[in-house]
Amino acid sequence: MLNFDKTHDPRQNKMLIDQITGNKLPIKELIQETETLFQQSLNLSSDSQPKASTPPSNSKKVEGGVFRLTAERSQILEPTRVLLDQDDGNVVPDWKDKLDAEYKRLLSTITKEINVVDCGAVGDGKTDCTTAFKKALGNGRVKVIVPPGIYVTKGIKLPSWTWLVGSGPGMTTIKLHDKAPRGTRLLTNANHWKGNHHLLVQGLSLDWNVERLGNIPKTSTWGNHSSCLTYANVTYGWVKEVEGINPGLHCFDISSTLYNYAGDGFRGRRGSKYVWLDHVTGYGFGDDGITTHHSDYIFISNSHMCDPSGRAHQQGFSNSNGFEIDDGSRNVLLVNNSSARCFGGVEIKAHQNSSAASNVTIIGHLSINDNRAFNFRHIGHHKLNDAESRTAYNIIAANLAVIAPVYSDLYKDSAPRGMVISAYKNVVINQLTIVGNPEYDFKGNPVIAVQYRARNVILNKITVKSFTNRGACIKVYGGDHRADSLKIQACVPEEIEVGKAVQNVRIESAGTIY
């Protein structure tokens with residue numbers, strides 16, 4: 001059996017997912033089928049378009065406070081289309097050609113190549129190499145080579161037009177200094193306010209050295225600090241073959257200059273855009289493995305996140321996700337990633353006082369022993385008396401595999417689920433296979449929950465098997481804050497529970513419509 005710990009090679013994910021789901025469709029046909037279903041979801045009710053953003057009340061203006069100074073009105077963009085790369089047949093976003101052209105510009109703009117050892121760095125795991133990295137990086141337009149070894153720094157800041165490359169994860173390690181403050185970002189761009197561009201980080205392990213803090217109750221400070229790698233206000237960025245180790249907050253944070261809580265309908269200015277993370281891995285994270293905030297056109301592929309510490313949160317209340325597409329993120333594509341033993345494998349969400357992530361597509365994901373393999377929600381916009389979300393729109397997912405969701409010490413009161421959909425409108429799930437552990441008591445819980453004012457949801461080709469003492473395969477929750485406008489078809493087995501007051505659910509099975 002494969003080991004889905006920190007040693008797992010996520011380049012195997014596509015093969016494993018296809019084996020578990022039994023996918024027989026060529027990927028091109030699967031994408032076309034999923035796009036067709038998404039167009040159908042828009043017609044399930046008249047409530048498929050984002051609501052116009054209205055001026056906030058005086059009380060909400062006070063609540064948003066200073067965040068309004070760094071916010072802009074949120075809009076739903078035209079969704080990214082998913083394509084197949086002509087050269088290798090991989091799934092890519094429709095804007096990848098633009099990113100590839102900028103990659104060539106980066107390589108052609110670099111005017112010198114420097115080995116950091118020639119600037120005084122020593123990879124002995126003891127010597128402070130901060131000054132050596134600063135000298136090597138200079139003002140950019142440089143490829144900085146980091147040979148095998150462990151290089152201790154108090155933080156590295158990358159100027160624009162920079163390629164930082166090691167000999168590979170586990171061979172080249174950059175480690176945070178024992179005396180670095182708790183809020184230190186190990187690796188980040190040089191100017192979060194003016195922004196940076198054309199940054200490539202490749203072939204490294206990034207060790208945040210959480211051990212230096214001892215047994216403190218919280219390992220992070222605030223905002224996008226305390227992480228292994230932070231791109232804040234970066235345009236055209238790449239992170240390839242990089243390992244994040246035990247950060248106080250996140251392994252990888254693709255962010256705006258500041259997180260923003262100005263309210264639903266607003267998002268942070270100075271977000272990152274056109275960033276690709278490929279074949280990155282991480283573990284021991286205090287909050288999330290990979291997270292995005294107020295950033296657009298993000299591509300995350302062939303990556304694996306596992307075994308968070310949860311130490312950025314109060315013990316037992318750790319919303320530590322493998323992949324989190326958070327506040328104000330737009331047009332994010334995730335392809336053939338995996339997660340293990342997290343609270344959420346993939347969480348697409350927002351806080352109550354921020355705009356939801358929108359236009360998020362998942363093609364292939366493998367979740368192992370996550371508490372909630374897939375969790376889609378806009379916190380604080382769920383119940384009857386909550387304001388309805390203005391921004392929680394458009395999630396498309398296909399070819400998903402879940403193995404044995406479980407209870408977790410990360411969040412002790414959270415019942416396990418294969419998928420939860422709350423508050424979002426226009427959601428399509430095409431081909432989801434959830435395999436339980438027959439020796440594990442699921443305590444009567446439903447495997448999939450559609451709830452809390454979710455609308456325009458299509459579930460197609462859902463397979464649930466090998467559970468002991470489970471509830472319904474799919475439960476559509478009713479009541480005042482019911483889900484509504486759903487189409488459920490081709491599910492095995494056909495155990496679907498629909499709550500009271502749900503008005504528009506179409507269930508199709510073996511040619512029969514209920």
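Just so it is clear, the structure is predicted and the values come from calculations on it, not from any experiment. Sequence positions, counted from 1, serve as the residue numbers for this chain.
Judged purely by atom type and a 3.5 angstrom limit, T109 has no side-chain atom pairing as donor or acceptor with the backbone of L107. Within the 3.5 Å criterion, the main-chain N or O of H351 finds a donor-acceptor partner in the side chain of H378. Within the 3.5 Å criterion, the main-chain N or O of L37 finds no donor-acceptor partner in the side chain of N460.
Expressed to the nearest 0.5 Å, how far CG of D386 lies from NE2 of H481 amounts to 9.0 Å. The line from OG of S414 to CG of N375 is 7.5 Å long, rounded to the nearest 0.5 Å. Taking CG of N189 as the start and NE2 of H198 as the end, the distance is 14.0 Å to the nearest 0.5 Å. Rounding to the nearest 0.5 Å gives a distance of 9.5 Å between NZ of K240 and OG of S303. S41 contributes atom OG, which lies 6.0 Å from atom CG of N456 (distance to the nearest 0.5 angstrom).
Closest approach of H381 to A387, counting heavy atoms only: ND1-O, 2.7 Å. Residues E243 and P169 approach most closely at CB-CB, 4.1 Å, considering heavy atoms. Minimum interatomic distance between H382 and S422 (heavy atoms only, all atoms of both residues): NE2-CB, 3.7 Å.
Looking at F252, Y259, Y261, Y231 one by one, the single match for ring-ring contact (aromatic ring centres under 6.0 Å, His included) with H293 turns out to be Y259. Only one option out of W276, Y103, W163 pairs with W238 in a ring-ring contact (aromatic ring centres under 6.0 Å, His included); it is Y103. Here the options are P308, C306, S367, the test is side chain to side chain contact (heavy atoms under 4.5 Å, CB included), and the partner is S339; only S367 passes.
Side-chain contact between H304 and Y283 is absent, with no heavy atoms from C-beta onward closer than 4.5 Å. The side-chain heavy atoms of D264 and S389, taken from C-beta on, include a pair separated by under 4.5 Å. The shortest distance between side-chain heavy atoms of I348 and V332 does not fall below 4.5 Å.
Between Y411 and F317, the distance separating the two ring centers is shorter than 6.0 angstrom.
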